[in-house]
A.B. asks: 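Here it is, the structure in full.
Values below: every heavy atom of this structure, side chains too, minus hydrogens, waters and symmetry copies. Counting starts at 1 for both ligands and their atoms, in listed order.
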Amino acid sequence: MKYKKWIEQMTLEEKASLMSGKDFWQTQDIERLGINSIFLADGPHGIRRQAVAADKLGLNEGMPATCYPTAATVANSWNAELGEKVGEYLGEEALAQRVNVLLGPGVNMKRNPLCGRNFEYFSEDPYLAGKMAAGYIRGIQSHGISACVKHFAANNQEEKRMTIDTIVDERTLRELYLTAFEICVEEGKTKSIMSSYNKLNGTYTNEHMHLMQDILRNEWGYTGTVITEWGGSNDRVQGLLAGNELEMPTTAGETDKEIVDAIKSGQLSEEVLDEAVDRLLDLIFSTEAAFQKPIGQFDVEKHHRVSQKVAEESIVLLKNDENILPLKFGKKVAVVGEFAQNARYQGAGSSIVNPTILDHTMDCFEESGIVSIGYEPGFERYGKKNQQKIDQACELAQKADVVLLYIGLDEATEADGLDRKNMKIPDNQIDLLEALYEVNTNIIAIISCGSAVEMPWIGKVKGLLHGYLGGQAGARAILRVLSGDVNPSGKLAESYPLRYEDTPSYKHFPGKEATVEYRESLYIGYRYYDTAEVDVLFPFGFGLSYTSFEYTDLKVDRKGVTFQLTNTGDRAGMEVAQLYVGCTSDNIFRPKKELKGFKKVFINAGESKHVRIPFDNKTFRYFNVKTNKWEIEEAYYTIMIGASSADIKLQQQWFAEGTNAPLPYEKEKLPSYYSGKVNDVSVEEFEQLIGRKIPEPTWDRTQPLGYNDTIAQCQYAKGWFGRVAYYSIIQTQRFLRKIGKRSTANIMDMSILNLPFRGIARMTGGIVNMPMLDGILLMVNGHFFKGLWQVTKEKAKLIKAKRKSKADLMKN
Ligand code: BGC
């Protein structure tokens, strides 16, 4: 142990006290020994250090900080060095705001396009997500503070995220859902990791010995700290045993006492606690050291400009018929769409940043050199169809050479705690597009949102630019691409299906009441579309440029590939070359191709560059469920270099020596997996894959409600009180939606309905403790008065105890 001397001086109670927060954002201090609290703050694309009251919903503003483009956006740059740059700038701001642990990046896979937090995650591909995130982590930690990669693991939806049980086979878990985390540990050297809220194959991730011990600590050799999701701790002692050092936020000492009791009763050995304290002290001391040097304010303007650069490199040009872009000098442009006036630049929830500066399109027009003849909103962001606004927009569009149409999703649609209901851009915006098309067919749509959307209307636009969520300078960055000052170089980090129904997890998202079954196994995103030969709107890795590139001369050797990349157009540009590998043998089912490397290259017009992409320990591996190890199948592999997953420019066969492992599957029993057509896998076949019976997917309505049941389950509570409470919440939500308060109604889903009962105690910082919670459960389970008495009695005890400890403190 590194801090043995310190630990020896601590009482058992002091050691346990370190294991949970002091308040919402800080760790516990021990004044007597000079151990200070450290500060944790969101988040992934800007610091959210809350100045006033803390909350986890992003309701109270944070101190002003640069809002960088979100992870979904930066992933489109396919530039891990750019990710590192973002990390460095984030880290500098964290230092300036005295934040020791930055709660990000988030590397969960985009299993389904409707996940409400896709805007905060990088990709549907673990390799790309891992490489980008490792860059962020290196950047953040270069300042001596800690990143906190989240949410570990298999948390790929927001619906019932605090209770849902993810049912997934071990190979898929390893190859898809853990690989990005593995890269963050291996290459990013992250100092902390946040466990997720959900269960994984029956056990809360925070208590999952296989995940936390076998894989994270033993296999990956992780020596850093594990922090719970906010309010995500279930059984504290079990969590500690699994290696969770820090529970957040505070439970006012209640769970620390559970640790002390467990040690006193022999349930837990004191050594486990000592080791956890040792690792936490390392986080505290090492990040505190970062503040030893003098720290000034950060340069707000400079950070704003960097954020603009990052956005510029992440914008994706999706369509450019008749080379309508870049805009030709002197063209008269009509600007339409409410998003041009009020930029949509970030998501909602815990990642929300209070920006230092905020660019809006209409304010940046002058400097762009584009000649605007006027602006019309055309629709109301949160409203219904408005014919008058449409007519006014059409009148303007008639007079223009080109229409720039700014559309997207509103802030309430992409949020922490909530999934999207569909993949559509709201009807009132599409009504506008259709009306505009009648008067002017030169339409360029600019989309602002953080996730994939359907585009049945795409035939009505000639140009299409996807800005994703470009951060506080995103609006200016888009104008620079439109004007041609910047040559777009972003490529999609996720596939765009033609229709939501085409997604492989369509039938199993967001699962039933208790579980979500990952029946599609390895085949998410392009891994599915490509293998099952399902047409998409835009493939993974796709993006256009104002120039063109030619790929030639592929050479493969034991260590990697080399090829020539030539800019055959008339202007400088950047190309993202992608390395995919597919196996020619069909002994083990696999996607047709998988991303194994990529490189972003800048090339001047007419020039060529020699590009090398090395192989690494992930190039040929697969996880063998028989040997329970990573293995290599001895076979010929197709090595592909593509401009996207669907546009392979060069390919060559390569023989890789194997590890001689036994074949893990009986092929005839897994026909869907061998064909890749996994959109309708039967129960039997899925059970064959996971090697056990599928757990009951629905709530058990016969039992009284317990700690891990959600408040939504009060709808069938045995007592009238529970049912009345449930229906009152539902009515309030309906009312809020009716009066246009959609966002508040949504927050009720996450913070009330989907909250498990234990969350009441875990999230109220000691205002409600576990004995009071027992009383509440009695009330909802049909023992109203007995429960009420218990709540009242326990509250009185709590108040008395608090008064006594205050008085003791005063005496001392
Ligand atoms: C979110 C985390 C966040 C934490 C603290 C949770 O609800 O899921 O991503 O870091 O709150 O705000």
Side-chain angles (χ1 to χ4, degrees), residues 20-21 23-27 38-51 53-63 65 70-72 90 94 97 99-108 115-122 133 136-137 140 146-164 181 184 190 192-198 204-206 225-233 246-250 346-354 414-419 450 746-756 758-759 762-765:
S20 66
D23 53 29
F24 211 84
W25 298 118
Q26 296 187 84
T27 60
I38 59 169
F39 203 95
L40 300 87
D42 286 303
H45 50 263
I47 319 299
R48 183 174 71 106
R49 177 163 180 151
Q50 285 181 308
D55 72 89
K56 77 185 242 344
L57 307 175
L59 300 178
N60 293 322
E61 265 189 0
M63 285 151 71
T70 75
L90 281 170
Q97 299 209 11
V99 168
N100 304 61
V101 180
L102 199 55
L103 303 174
V107 295
N108 299 87
C115 170
R117 277 181 106 168
N118 276 358
F119 75 92
E120 268 187 80
Y121 300 145
F122 292 95
Y136 271 61
I137 296 167
I140 294 168
S146 170
C148 180
V149 59
K150 61 192 187 182
H151 310 88
F152 190 60
N155 167 203
N156 309 96
Q157 66 189 58
E158 292 301 286
E159 177 76 23
K160 302 191 183 69
R161 63 176 176 170
M162 294 185 82
T163 50
I164 199 86
F181 288 100
C184 290
T190 187
S192 65
I193 291 183
M194 187 190 294
S195 54
S196 56
Y197 281 129
N198 54 292
Y204 280 104
T205 55
N206 187 50
T225 305
V226 175
I227 302 171
T228 62
E229 244 292 16
W230 263 236
S233 167
L246 181 61
E247 173 182 9
M248 287 302 286
T250 180
Q346 65 170 332
S350 62
S351 70
I352 205 156
V353 179
N354 179 12
E414 294 176 285
D416 190 325
L418 196 84
D419 294 322
N746 289 348
I747 286 174
M748 289 176 74
D749 268 329
M750 160 189 158
S751 57
I752 307 180
L753 286 176
N754 287 334
L755 188 73
R758 87 182 125 81
R762 296 284 184 261
M763 222 84 103
T764 49

A.B. asks: Go through ligand 1 atom by atom and flag the ones less than 4.0 Å from a non-hydrogen atom of His151.
C.D. replies: 2 (C), 8 (O), 9 (O)
A.B. asks: Check each of Asp416, Asp419, Asn198 against Arg161 using the side-chain hydrogen bond (donor to acceptor under 3.5 Å, both in side chains) test, and report the only one that passes.
C.D. replies: Asp416
A.B. asks: Which bit of Glu158 gets closer than 4.0 Å to ligand 1, counting heavy atoms only: side chain, backbone, both or neither?
C.D. replies: neither
A.B. asks: For Met194, is the nearest heavy atom under 4.0 Å from an atom of ligand 1?
C.D. replies: yes
A.B. asks: Just one of Thr70, Asn155, Asn156 clears the side chain to side chain contact (heavy atoms under 4.5 Å, CB included) bar with Tyr121, so which one?
C.D. replies: Asn155
A.B. asks: Could you go through the side chain to side chain contact (heavy atoms under 4.5 Å, CB included) check for Trp25 and Asp42 one step at a time?
C.D. replies: CA-CA 10 Å; Trp25 298 118; Asp42 286 303; 3.6 Å; yes
A.B. asks: Tell me, please, whether Tyr197 has Arg762 positioned over its six-membered ring: NZ or CZ under 6.0 Å from the ring centre and within 45 degrees of its axis?
C.D. replies: no
A.B. asks: Against heavy atoms of Lys150, which atoms of ligand 1 measure under 4.0 Å?
C.D. replies: 2 (C), 3 (C), 9 (O), 10 (O)
A.B. asks: Relative to ligand 1, is Met162 under 4.0 angstrom through side chain, backbone, both or neither, heavy atoms considered?
C.D. replies: neither
A.B. asks: Can you name the atoms of ligand 1, numbered from 1 with element, that are less than 4.0 Å from a heavy atom of Arg117?
C.D. replies: 1 (C), 2 (C), 8 (O), 9 (O)
A.B. asks: Is a donor on one side and an acceptor on the other found under 3.5 Å between the side chain of Ser196 and the backbone of Ala153?
C.D. replies: yes
A.B. asks: For ligand 1, note which part of Arg48 has a heavy atom under 4.0 Å away: side chain, backbone, both or neither.
C.D. replies: side chain
A.B. asks: Strictly distance-based, threshold 3.5 Å: is any side-chain N or O of Thr228 a donor or acceptor partner for the main-chain N or O of Met248?
C.D. replies: yes
A.B. asks: For ligand 1, which part of Trp25 has a heavy atom less than 4.0 Å away: the side chain, the backbone, both, or neither?
C.D. replies: side chain
A.B. asks: Looking at Asp749 and Ser751, would you say the former's side chain and the latter's main chain have a donor-acceptor pair under 3.5 Å?
C.D. replies: no
A.B. asks: With a 4.0 Å heavy-atom cut-off (strictly under), which part of Met248 contacts ligand 1: side chain, backbone, both or neither?
C.D. replies: neither
A.B. asks: So, is Tyr197 polar-close to ligand 1, with some N/O to N/O distance under 3.5 Å?
C.D. replies: yes
A.B. asks: Under 3.5 Å, side chain of Arg49 to main-chain N/O of Ala41, donor-acceptor pair present?
C.D. replies: no
A.B. asks: Glu229 heavy atoms, cut-off 4.0 Å: which ligand 1 atoms fall inside?
C.D. replies: 1 (C), 2 (C), 4 (C), 6 (C), 7 (O), 8 (O), 9 (O), 11 (O)
